[in-house]
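These notes are about the structure you will find just below.
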There are 6 protein chains.
Amino acid sequence: MADEPMTRFPVPDTEDLPADVRERIEAETERAGFTPNVFSAFAYRPAQFRAFFGYYDALVEESSLAREELELIIVAVSGANDCLYCVVAHGALLRLYAEDPHLAEQVATNYRTADISDAHRAMCDLAVKLTERPARVEEEDIEQLREHGFSMEEIWDIGSTAALFNLSNRMAHLADMRPNEEFYRLGRD
Amino acid sequence: MADEPMTRFPVPDTEDLPADVRERIEAETERAGFTPNVFSAFAYRPAQFRAFFGYYDALVEESSLAREELELIIVAVSGANDCLYCVVAHGALLRLYAEDPHLAEQVATNYRTADISDAHRAMCDLAVKLTERPARVEEEDIEQLREHGFSMEEIWDIGSTAALFNLSNRMAHLADMRPNEEFYRLGRD
Amino acid sequence: MADEPMTRFPVPDTEDLPADVRERIEAETERAGFTPNVFSAFAYRPAQFRAFFGYYDALVEESSLAREELELIIVAVSGANDCLYCVVAHGALLRLYAEDPHLAEQVATNYRTADISDAHRAMCDLAVKLTERPARVEEEDIEQLREHGFSMEEIWDIGSTAALFNLSNRMAHLADMRPNEEFYRLGRD
Amino acid sequence: MADEPMTRFPVPDTEDLPADVRERIEAETERAGFTPNVFSAFAYRPAQFRAFFGYYDALVEESSLAREELELIIVAVSGANDCLYCVVAHGALLRLYAEDPHLAEQVATNYRTADISDAHRAMCDLAVKLTERPARVEEEDIEQLREHGFSMEEIWDIGSTAALFNLSNRMAHLADMRPNEEFYRLGRD
Amino acid sequence: MADEPMTRFPVPDTEDLPADVRERIEAETERAGFTPNVFSAFAYRPAQFRAFFGYYDALVEESSLAREELELIIVAVSGANDCLYCVVAHGALLRLYAEDPHLAEQVATNYRTADISDAHRAMCDLAVKLTERPARVEEEDIEQLREHGFSMEEIWDIGSTAALFNLSNRMAHLADMRPNEEFYRLGRD
Amino acid sequence: MADEPMTRFPVPDTEDLPADVRERIEAETERAGFTPNVFSAFAYRPAQFRAFFGYYDALVEESSLAREELELIIVAVSGANDCLYCVVAHGALLRLYAEDPHLAEQVATNYRTADISDAHRAMCDLAVKLTERPARVEEEDIEQLREHGFSMEEIWDIGSTAALFNLSNRMAHLADMRPNEEFYRLGRD
């Protein structure tokens with residue numbers, strides 16, 4: 001079971017995939033040294049594969065935030081949503097980008113007691129409030145981040161990163177996506 | 001205030017936008033007879049504008065579900081998330097596609113007492129569970145839809161439509177997006 | 001199904017009702033141009049019919065609040081309780097008394113982002129807190145309304161209007177009361 | 001403080017009250033041997049005094065349920081709503097009508113482990129569901145009571161008793177109504 | 001049923017118990033005039049009997065708090081956890097130690113409206129927050145108690161008393177422990 | 001900060017501790033190769049130190065469950081309570097006893113999707129229900145474990161292990177106990 005990318009939907013054979021999807025998977029596999037299961041899973045619906053990774057690329061490549069900050073938001077949101085795939089896969093990325101072997105478990109379990117700066121705490125406060133009680137986000141939540149020096153573009157990007165992983169966590173829960181073994185180990189040293 | 005597309009972030013001038021973003025907005029404006037505020041709002045971050053509407057297009061254009069079913073899911077999810085913009089804008093679309101002037105308010109308030117078929121009730125059950133308690137979605141939730149005759153692709157698409165609007169509702173809450181006046185009226189007759 | 005006043009209990013024939021109940025129903029029918037279903041439903045238990053509309057009359061006729069304010073409280077409470085009958089029926093009244101075709105959907109979906117004054121926002125804050133977490137209402141909630149200029153009588157009436165619709169919403173949920181078609185349309189122009 | 005009928009609103013002098021309100025208070029005082037504080041509190045708004053006790057009388061005097069059952073529902077609902085006045089005052093009535101000195105604390109704390117029959121357990125299940133998650137009450141909740149032999153009128157009355165105390169508990173929370181000392185002691189022997 | 005110490009696990013015969021467990025039970029029986037059911041219940045697992053009452057003794061005998069304060073915390077926590085055994089048994093102890101026949105029902109129902117000092121209110125605030133939302137306890141919760149004059153040792157003991165009854169309430173719920181009749185009556189005069 | 005056993009209370013010097021407490025700490029330090037911070041933290045109140053570890057020893061040494069099962073329960077409960085210290089420290093023990101480097105993160109994030117047997121799933125279901133909604137545990141929860149072959153003693157021990165860590169998690173939250181660095185690494189290979 002643990003070797004399957006997901007347990008609730010069939011995983012398509014790579015050779016049956018559209019060329020662009022296959023190429024993206026090959027590029028990711030080469031980069032990581034293994035195929036992260038989220039790519040194999042989303043390939044079940046190629047148009048959505050393109051849409052999901054297109055969104056992810058847009059957030060990562062043109063972000064006003066540091067990559068480490070993106071991963072911090074993603075792990076805090078995924079922890080709040082109890083999402084195994086994203087906690088483990090992005091926990092690995094957080095360890096790597098933050099160069100801290102302990103941060104992922106701290107943030108996934110309870111970002112409020114993690115060893116992070118006050119500004120990053122405020123960043124996670126907005127991301128998790130938007131996750132857990134989105135209708136209660138009000139002007140004062142925005143202002144709190146302004147007081148920590150975040151620009152409006154950064155606040156938007158904190159929100160959109162949290163929002164994308166509220167999508168992503170739900171797809172992982174729906175499909176029961178399984179983290180690759182490699183992710184559990186990455187960035188521990 | 002009600003005339004602004006959103007109250008918490010600046011809305012860019014159309015002439016300052018990249019050509020493809022401007023063209024998409026013009027096409028939507030022509031189609032609808034007005035510019036739905038979600039387009040003006042997302043233009044604040046053009047790369048995310050492309051990503052968001054790209055995802056939306058992928059879901060709508062290659063869906064295994066009828067358009068009316070997509071809107072039913074969207075309104076049920078947006079109601080559960082108390083999202084004004086999406087309830088009003090997609091409520092209008094639901095009225096139009098379902099040719100039913102009352103369905104939107106029924107589904108947004110409480111899909112459990114809406115005048116919908118048992119299969120659509122089951123569809124909304126999954127969409128709203130994935131919204132409210134995503135970590136509790138299990139194999140038996142999938143099976144319940146199978147019993148109502150949904151294919152695996154349809155179940156995936158129910159989930160991904162719910163997931164995208166969990167993203168969308170959160171962006172609308174973050175930015176305080178305001179529904180255009182036109183949406184309140186559309187499809188009432 | 002949508003034509004029935006309620007789906008879970010039998011609706012009595014008008015001619016079988018006690019004279020005073022029948023007369024009240026006739027008067028309401030004449031006033032509205034149709035018989036609001038809540039009258040037909042409560043007639044199932046005539047003593048409770050008298051009690052319920054007696055309470056309602058006491059609140060409306062001797063209120064320290066403007067009628068528009070009563071309807072604002074009722075729609076906010078009924079939205080928080082996901083009550084279709086009251087959202088649709090009192091949504092219509094709110095549109096009429098506030099002379100605003102959009103306010104009902106705003107308040108029912110999320111009064112926090114509705115186009116209302118700060119004083120009315122505070123009024124809804126108390127009404128919805130009393131609805132969702134009644135045991136947490138404390139002295140400071142009263143004081144907040146005092147700061148917005150509300151008298152003690154007005155604060156009591158905000159509370160009792162919220163309280164009556166916590167009763168009413170529950171009866172509508174129990175019986176599955178269905179809004180009349182007319183209510184969906186009233187006050188839209 | 002404990003001697004005041006309520007702490008957040010002024011209690012009117014008896015002599016300033018309308019004659020019918022004063023007479024009702026005198027009759028209650030004679031019957032109980034003391035003036036239950038809920039009468040003194042509601043007298044703050046005489047029209048609502050009449051409405052509230054009119055509703056209560058309608059439920060008690062023409063109920064399809066035994067008085068002991070009404071008090072059982074009231075205590076279960078008031079316990080779920082953490083309402084001190086109603087738990088203590090109606091706890092006393094439950095002890096008296098059920099002739100059981102321990103039942104009130106059992107039901108107020110957790111009716112699920114109280115020494116009650118299966119039918120009364122089902123009755124409380126509906127009353128408390130209607131209290132805590134009213135929008136989730138569905139046809140099957142009604143059917144469960146039917147299986148225990150309750151008539152449709154009895155089910156309506158279970159619901160309306162629960163509904164009235166959802167009103168009553170909220171007024172007691174708003175006003176911080178204080179139970180009379182006598183209620184703590186009644187029915188203990 | 002009400003005469004059994006618990007309904008879900010067998011209660012061992014006293015003569016089959018290890019000598020030290022039997023002696024403790026005899027000492028408690030002599031002290032109270034009856035055997036509190038929690039002793040009979042925990043005797044099902046003698047090593048845990050010793051551990052549980054050892055912890056309880058450590059908290060009571062070396063507490064930095066007054067005995068009345070311990071019982072106040074215990075009843076507030078047990079009320080929040082809806083635990084019948086602890087509400088009734090420690091409600092009796094609270095009445096006795098506080099020499100107040102009404103305090104137990106006030107605190108068990110809603111400590112926020114109980115007749116207690118501001119310092120004791122703050123004490124219960126921490127105990128109940130630690131019960132209901134333990135991961136949200138932060139530095140400022142500690143500071144609030146400091147402002148009311150509590151020492152660090154007292155704050156620790158407030159927390160550990162709340163923590164032990166979060167254990168105890170759960171064992172009582174698991175086993176369905178039943179309060180002895182005597183507890184309902186103690187301290188009422 | 002990460003090097004302190006806890007941030008909210010002073011950590012006593014080892015030489016100031018009673019002999020038995022100091023000896024226990026030395027024995028644990030020798031066994032583990034480092035002093036687990038929970039020992040340093042609880043030493044703040046020596047009588048409670050003895051009580052807490054006495055309870056823990058009673059559960060571990062005379063358990064009817066395998067040690068791996070105890071750690072599974074502890075990690076599931078601590079994950080549900082978002083407790084960093086216990087998730088990390090007992091996560092390490094779970095990896096070691098289960099000889100599985102991935103199990104801890106699976107169980108802490110969402111035991112429902114962990115690679116565990118159906119019987120262990122049922123075991124965690126009871127432990128987490130007792131954690132999150134203790135008042136809702138009823139006879140049928142016990143029966144479900146019986147169907148998986150658990151004895152009554154095992155069911156009691158599942159419950160008491162869950163209960164002790166509901167105590168322990170709360171003490172860790174109160175004191176902000178910090179996991180030793182060693183725990184993050186143990187059992188990964």
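It should be emphasised that the depicted structure is a prediction, and the values quoted were computed from it without experimental measurement. In what follows, every heavy atom counts, from backbone to side chain, and hydrogens, waters and symmetry copies are set aside. Letters A, B, ... mirror the listed sequences (proteins, then strands); counts begin at 1.
- Counting heavy-atom pairs under 4.5 Å between each of C/Arg136, C/Arg50, C/Glu138 and chain D puts C/Glu138 at the top.
- The residue among C/Glu132, C/Met152, C/Glu139, C/His173 with the most heavy atom pairs within less than 4.5 Å of chain D is C/His173.
- The side-chain heavy atoms of C/Asp176 and D/Val137, taken from C-beta on, include no pair separated by under 4.5 Å.
- Interface check for chain D: of the options C/Ala135, C/Ala172, C/Gly54, the most heavy-atom pairs under 4.5 Å are formed by C/Ala135.
- No donor-acceptor pair under 3.5 Å is formed between the side chain of D/Arg170 and the backbone N or O of C/Ala163.
- Interface residue D/Phe42: backbone and side-chain heavy atoms are both found under 4.5 Å from chain C.
- The contact list for residues 60-68 of chain C toward chain D, using heavy atoms and a distance under 4.5 Å, reads C/Glu62, C/Ser63, C/Ser64 by residue number.
- Considering D/Asn81, D/Asn169, D/Asp82 in turn, D/Asn81 is the only one that fulfils the side-chain contact (heavy atoms from CB on, under 4.5 Å) rule with C/Pro134.
- Counting heavy-atom pairs under 4.5 Å between each of C/Asp157, C/Leu84, C/Leu164 and chain D puts C/Asp157 at the top.
- Taking the side chain as every heavy atom from C-beta outward, C/Leu174 and D/Ile158 never approach each other to under 4.5 Å.
- Taking all atoms of both residues into account, the shortest heavy-atom contact from C/Trp156 to D/Ala175 is CZ3-CB, 4.1 Å.
- Proximity to chain D is absent for every atom of C/Ala162, based on heavy atoms less than 4.5 angstrom apart.
- Among all heavy-atom pairs drawn from C/Ala58 and D/Ala47, the shortest one is CB-O, 3.6 Å.
- When each of C/Asp141, C/Thr131, C/Asp57, C/Leu59 is checked for heavy-atom pairs under 4.5 Å with chain D, C/Thr131 comes out on top.
- No other option in D/Met171, D/Lys129, D/Arg133 has as many heavy-atom pairs under 4.5 Å with chain C as D/Met171.
- The local environment of CG in C/Asp189 is sparse, with at most 12 non-hydrogen atoms from other residues, nucleotides or ligands closer than 6.0 Å.
- Looking at heavy atoms from C-beta onward, D/Ile155 lies in side-chain contact with C/Phe9 at the 4.5 angstrom threshold.
- In terms of heavy-atom pairs under 4.5 angstrom with chain C, the leader among D/Phe52, D/Tyr44, D/Phe165, D/Tyr56 is D/Tyr44.
- The shortest side-chain heavy-atom distance between D/Arg45 and C/Ser160 does not fall under the 4.5 Å cut-off.
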